[in-house]
Number of protein chains: 2
Amino acid sequence: MKTAATDTPAARPPVTSVLKLENQLCFPLYAVSRMVTKAYQPHLLALDLTYPQYLVFMLLWEHDQLTVKELGEKLLLDSGTLTPLLKRMEQKQWLSRRRDPRDERSVIIGLLPAGRALQAKAGRIPIDMLDKLHMSPAEISALRTQLTHILTQLA
Amino acid sequence: MKTAATDTPAARPPVTSVLKLENQLCFPLYAVSRMVTKAYQPHLLALDLTYPQYLVFMLLWEHDQLTVKELGEKLLLDSGTLTPLLKRMEQKQWLSRRRDPRDERSVIIGLLPAGRALQAKAGRIPIDMLDKLHMSPAEISALRTQLTHILTQLA
DNA sequence: TAAGGTTTAATTGTGGACAATTAAATCAGG
DNA sequence: CCTGATTTAATTGTCCACAATTAAACCTTA
């Protein structure tokens with residue numbers, strides 16, 4: 001009994017159950033992603049950051065200099081998303097945007113002091129977020145592994 | 001000197017590593033969700049549907065009539081997202097929007113014939129998507145369970 | 001070196017997401 | 001009944017996300 005048909009067990013059960021929201025993997029993925037982003041909100045708001053901007057910062061805190069292309073490859077985002085986002089971050093003096101003199105097609109994003117300064121303030125965010133999840137490090141690690149695996153299948 | 005230390009292993013490892021993209025759970029969640037949505041694209045495009053519209057349809061195919069509030073509760077979306085989305089779906093004659101005569105504050109969304117007709121065409125989508133994931137039903141079920149659990153922690 | 005193809009960002013247009021506000025309808029207490 | 005609080009959608013404004021197009025710079029190769 002895979003469909004739980006209440007009245008006509010043989011009629012259309014396979015088709016219907018497979019098209020039920022509760023039987024999808026995609027919906028919890030979509031919903032959890034949005035809810036997790038929302039859970040970051042209060043922490044990020046205190047730093048005047050949005051969630052995708054926070055992701056950009058995590059890369060810049062580590063690498064200091066990256067091209068738009070490199071950011072896009074690591075975040076799986078294209079220039080249509082990144083260009084306006086990076087311009088907003090530039091306006092806040094968090095980073096610089098300049099063409100690579102050796103290849104004028106590339107735009108190099110560089111971390112500025114104000115952007116570097118946010119790193120210390122952001123240090124508590126991942127810790128506070130882990131609290132909200134009520135999951136053990138092992139569970140989190142396992143989930144990340146599964147998701148990363150899916151990513152390699154799709155990306 | 002709290003920032004650098006490529007040479008002093010004990011200095012700031014906790015802070016930095018915790019702020020690395022690769023150590024986050026949130027990023028794979030965010031990226032996988034977008035990639036899965038993108039994987040639906042070719043299938044949905046054939047039906048002239050977007051992914052959130054497809055989610056709305058899965059609920060309407062099951063329930064036939066739902067208020068905006070009920071849709072929002074089930075999809076975890078607010079009226080700022082749903083109202084314009086539902087208006088676009090109304091324009092395509094997929095559904096109707098009318099006030100509840102017994103409570104004029106509520107808007108009842110009703111499935112129309114053209115919307116019902118899409119159900120049959122959508123039947124293959126979940127099956128085709130499962131193929132793309134290269135995961136066993138058990139793995140998928142386990143992952144859905146974990147995600148649903150996180151959802152209850154956050155929502 | 002000139003022509004054609006490739007790479008890289010930027011731009012444009014559409015469609016979500018969501019916070020905050022507005023406005024109408026309903027409800028509860030007096 | 002009347003008043004004030006609550007519920008519900010709609011609206012507004014900002015910020016992603018992404019497909020498709022454009023344009024400039026670079027590269028290849030004949």
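Lettering follows sequence order; numbering is per chain, from 1. Worth knowing before you read on, the calculation uses all heavy atoms, side chains too, and leaves out hydrogens, waters and symmetry mates.
- Taking the nucleotide of DNA chain C with the nearest heavy atom to each of B:L76 and B:P101, the more 5' of the two is matched to B:L76.
- Salt bridge B:D64/B:R116: present, at least one basic N to carboxylate O contact under 4.0 Å.
- In this structure, A:K69 atom NZ and C:dT7 atom P are separated by 8 Å, rounded to whole Å.
- Contact between the side-chain N/O atoms of B:Q53 and the OP1/OP2 oxygens of C:dG16 is found at a separation under 4.0 Å.
- Salt bridge status for A:E104 with A:R99: absent, with no side-chain N to carboxylate O gap under 4.0 Å.
- Using a 4.0 Å heavy-atom cutoff across all strands shown, A:L82 reaches no nucleic acid atom at all.
- Residue whose closest nucleotide on DNA chain C sits further toward the 5' end, between A:P84 and A:Q41: A:P84.
- Looking at heavy-atom distances under 4.0 Å, A:T50 makes contact with sugar-phosphate atoms alone, never a base.
- Listed pair A:T67 / C:dT8 fails the phosphate criterion, with no side-chain N or O lying under 4.0 Å from OP1 or OP2.
- The phosphate of C:dG16 has OP1 or OP2 within less than 4.0 Å of a side-chain N or O from B:R88.
- At least one side-chain heavy atom of B:L25 sits under 4.5 Å from a side-chain heavy atom of A:L133.
- Between B:G80 and A:L77, it is B:G80 whose nearest contact on DNA chain D lies nearer the 5' terminus.
- B:L29 is not listed as a side-chain neighbour of A:T37, based on a closest heavy-atom distance of 4.5 Å or more.
- Rounded to whole angstrom, the span from the CZ atom of A:R105 across to the C1' atom of C:dT6 amounts to 8 Å.
- A:L45 places its CG atom 15 Å from the P atom of C:dC18, with the value rounded to the nearest Å.
- Checking side-chain atoms of A:D78 against main-chain N and O of A:T81 turns up a donor-acceptor pair under 3.5 Å.
- For the pair A:D100 and A:T81, nearest-nucleotide mapping onto DNA chain D gives the more 5' position to A:T81.
- Rounded to whole Å, the distance from CG on B:L71 to C1' on C:dA17 is 16 Å.
- If you measure from atom CG of B:L49 to atom C1' of C:dG15, you get 13 Å, rounded to the nearest angstrom.
- How far CZ of B:F57 is from CD of B:Q53: 7.5 Å, rounded to the nearest 0.5 Å.
- Across all strands, B:D103 comes closer than 4.0 Å only to sugar-phosphate atoms, never to a base (heavy-atom distances).
- A salt bridge links A:E73 with A:K69; the closest basic N to acidic carboxylate O contact falls under 4.0 Å.
- Under a cut-off of 6.0 angstrom, the local environment of NZ in A:K132 is crowded, with over 12 non-hydrogen atoms contributed by other residues, nucleotides or ligands.
- Using a 4.0 Å cutoff to heavy atoms of chain A, the contacted part of DNA chain D runs 5' to 3' from D:dC15 to D:dC26.
- Residue-level contact check: B:S79 touches the bases, meaning some heavy atom is under 4.0 Å from a base atom.
- B:E104 has its CD atom 14 Å from the C1' atom of C:dA23, to the nearest Å.
- Here C:dC18 presents its C1' atom at 19 Å from OH of A:Y40, a figure rounded to the nearest Å.
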